[in-house]
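Shown next, in structure tokens, is the structure this report addresses.
Read the numbers this way: they start at 1 and go in the same order the structure lists the ligands and their atoms. This is a predicted model, so every value here is computed, not measured.
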Amino acid sequence: MFHKILIANRGEIALRILRACREMDIQVVAVHSSADSDAMHVRLADESVCIGPPPARDSYLNMQAILSAADVCGVDAIHPGVGFLSENAAFAEMVEEHGMTFIGPTPEHLRLMGDKITAKETALELGIPVVPGSDGALDPLGDVESLAQRLGYPVLIKAAAGGGGKGMRVALTAAGLEDALNFARTEARSCFGNDQVYMEKYLARPRHIEIQVIADTHGNAVHLGERDCSLQRNHQKVWEEAPSPAISAEARAKLGETVVRAIKKLGYHGVGTIEFLYEDGEFYFIEMNTRLQVEHPITEMITGIDLVREQIRVAAGLPLSFRQEDIQFKGHAIECRVNAECSETFMPSPGKIQDYLAPGGYGVRVDSPVYQGYQIPPYYDSLIAKLIVYGDNREECLQRLRRALQEYVITGINTLLPLHRNLSEETSVIMGEYDIHWLEKWLSLKIQEEAA
Ligand code: ADP
């Protein structure tokens, strides 16, 4: 097992990883920007190294600085967390070249799945159905319009290198196609330095269903069921639950088996998430994330498996500590993303937290590095806490969630807590009847009601 791990990340995920390391008797090196000297993961780490000024490109994305810190501190492995360098194949290669372990899949798998076009091609080869769309990247001089006609409007233009909902634009009709193409290409170029785009049919009322997998280096792979992440805004997840209120045990087992077969064939190891859109009883692959997901705790709550611990174990070359038949799905879990944003305008709200009182009690878990007096820096993702609630069944889980949301106090900044309180009381949410477009429609109805 590793002796010392460097966590190349910040915020709640850095703290989550640190906690797993502590419980495994592994020493932790925190790296941080000069804006994060007071961060919880820095305070709790055994050692910490400031790797640069606040902008992420100069600190959390500064590979040389991170590798130097790792060398100086003598770490065996680097955990990249989520976002930042977690899916960067070049970084993974550099870590290995420095004689350390990258806690994640191989650079080849990162590359294969990091490009959504090759990921879709691979999924098809592995027998996984994909969303109907273009064969590979769109040729800027090709006949894009007749392809869109064939698929049927609306269509979605997506960036091959996309992530975080960026580089994606819908064309409702032929008249909007060129604008959508230009928008997606421009955003893809500026966000990812790669303007390759592809086209997909824009599904009208799908749910976002993703399957968690984990595989070791000994050829064992298992799935840990699905998460339903359909409550989204701007293609970004806001509220997630496991299991999905819309999936039967048979559908779960069938999709899980297909995915595990594919993962084994691929020779993949580490944690991973295969994302699907689910409509009219059919699953369509959209992408694979080759890292831990923000919403992994809900899977932990219903399986009783510490995913980060297991991820570290398989990275150290140990075999999985369970088989598929050992995994029992029990109860229901919901995660609310508590972002430092206004619940109405979604404007980021950095600043100082005046009062902070997190909820607790049976079945309530808060993954958060913030505290009273903490100053939220304006430079990074606005996620400041995840409220994760478990119940024996969905009804109990929702009841407990409403109770926890009532207890939760954060003042001095705006957060999404009021939005989550409203959602937890909303009939469609209570009934589990929502698709990926539901939240945005509901938000625009609210605005209209307030204006009237
Ligand atoms: P990213 O990597 O940027 O997160 P994804 O491909 O995972 O992009 O898609 C993010 C979200 O965008 C999905 O969860 C879904 O809500 C929406 N989306 C993606 N593809 C489609 C599609 N073909 N039709 C409708 N919605 C889609």
Are side-chain N/O atoms of T106 and H109 paired as donor and acceptor at under 3.5 Å?
yes
Do E341 and S382 get their side chains close enough for a donor-acceptor pair, meaning under 3.5 Å?
yes
Out of curiosity, is K116 lining ligand 1, as in a heavy atom under 4.0 Å away?
yes
Which residue holds the protein heavy atom closest to atom 2 (O) of ligand 1, what is that atom called, and what is the gap in Å?
E287 OE2, 2.8 Å
For atom 24 (N) of ligand 1, closest protein heavy-atom neighbour:
L203 N, 3.0 Å
Do the ring centers of Y284 and F276 come within less than 6.0 Å of each other?
no
Can K386 and E295 be counted as an ion pair, charged N to O under 4.0 angstrom?
no
Applying a 4.0 Å heavy-atom criterion (strictly less than), which segment of M168 is in contact with ligand 1: side chain, backbone, both, or neither?
side chain
Test your reading of the structure: does G164 have an N or O sitting under 3.5 Å from an N or O of ligand 1?
yes
Quick note on ligand 1: atoms under 4.0 Å from a heavy atom of K158 include exactly 6 (O), 19 (C), 20 (N)
Taking atom 16 (O) of ligand 1 as the reference point, the nearest protein heavy atom with its distance
Q232 OE1, 2.6 Å
Quick one: does NZ or CZ of R169 land under 6.0 Å from the six-membered ring centre of F183, within 45 degrees of the ring axis?
yes
Need the ligand 1 atom indices (1-based, order shown) with element for anything under 4.0 Å from a heavy-atom of L156.
19 (C), 20 (N), 21 (C), 22 (C), 23 (N), 27 (C)
Check ligand 1 against I436 and write out every atom of the ligand that is under 4.0 Å from a heavy-atom position of the residue.
15 (C), 16 (O), 25 (C), 26 (N)
Is there at least one pair of N or O atoms, one from G165 and one from ligand 1, spaced under 3.5 Å apart?
yes
Numbering the atoms of ligand 1 from 1, which are under 4.0 Å from a heavy atom of H208?
13 (C), 14 (O)
Between S59 and N62: side-chain donor-acceptor atoms closer than 3.5 Å:
no
Determine, using ring centers only, whether Y434 and H208 are less than 6.0 Å apart.
no
With sequence neighbours excluded, residues passing side-chain hydrogen bond (donor to acceptor under 3.5 Å, both in side chains) with R185
none
Heavy-atom distance to atom 12 (O) of ligand 1: which of R233, M199, H235, K201 wins?
H235
Test: E335 and R227 ion pair at under 4.0 Å
no
Please indicate whether any nitrogen or oxygen in Y202 is less than 3.5 Å from any nitrogen or oxygen in ligand 1.
no
Are H437 and ligand 1 in contact, using a heavy-atom cut-off of under 4.0 Å?
no
Ligand-side contact atoms (ligand 1) for residue partner E275, heavy atom cut-off under 4.0 Å
7 (O)
Mind checking what makes salt bridge (charged side-chain N to carboxylate O under 4.0 Å, His left out) contact with R205, not counting sequence neighbours?
D280
Please could you name the atoms of ligand 1 that V131 approaches to less than 4.0 Å, counting only its heavy atoms?
23 (N)
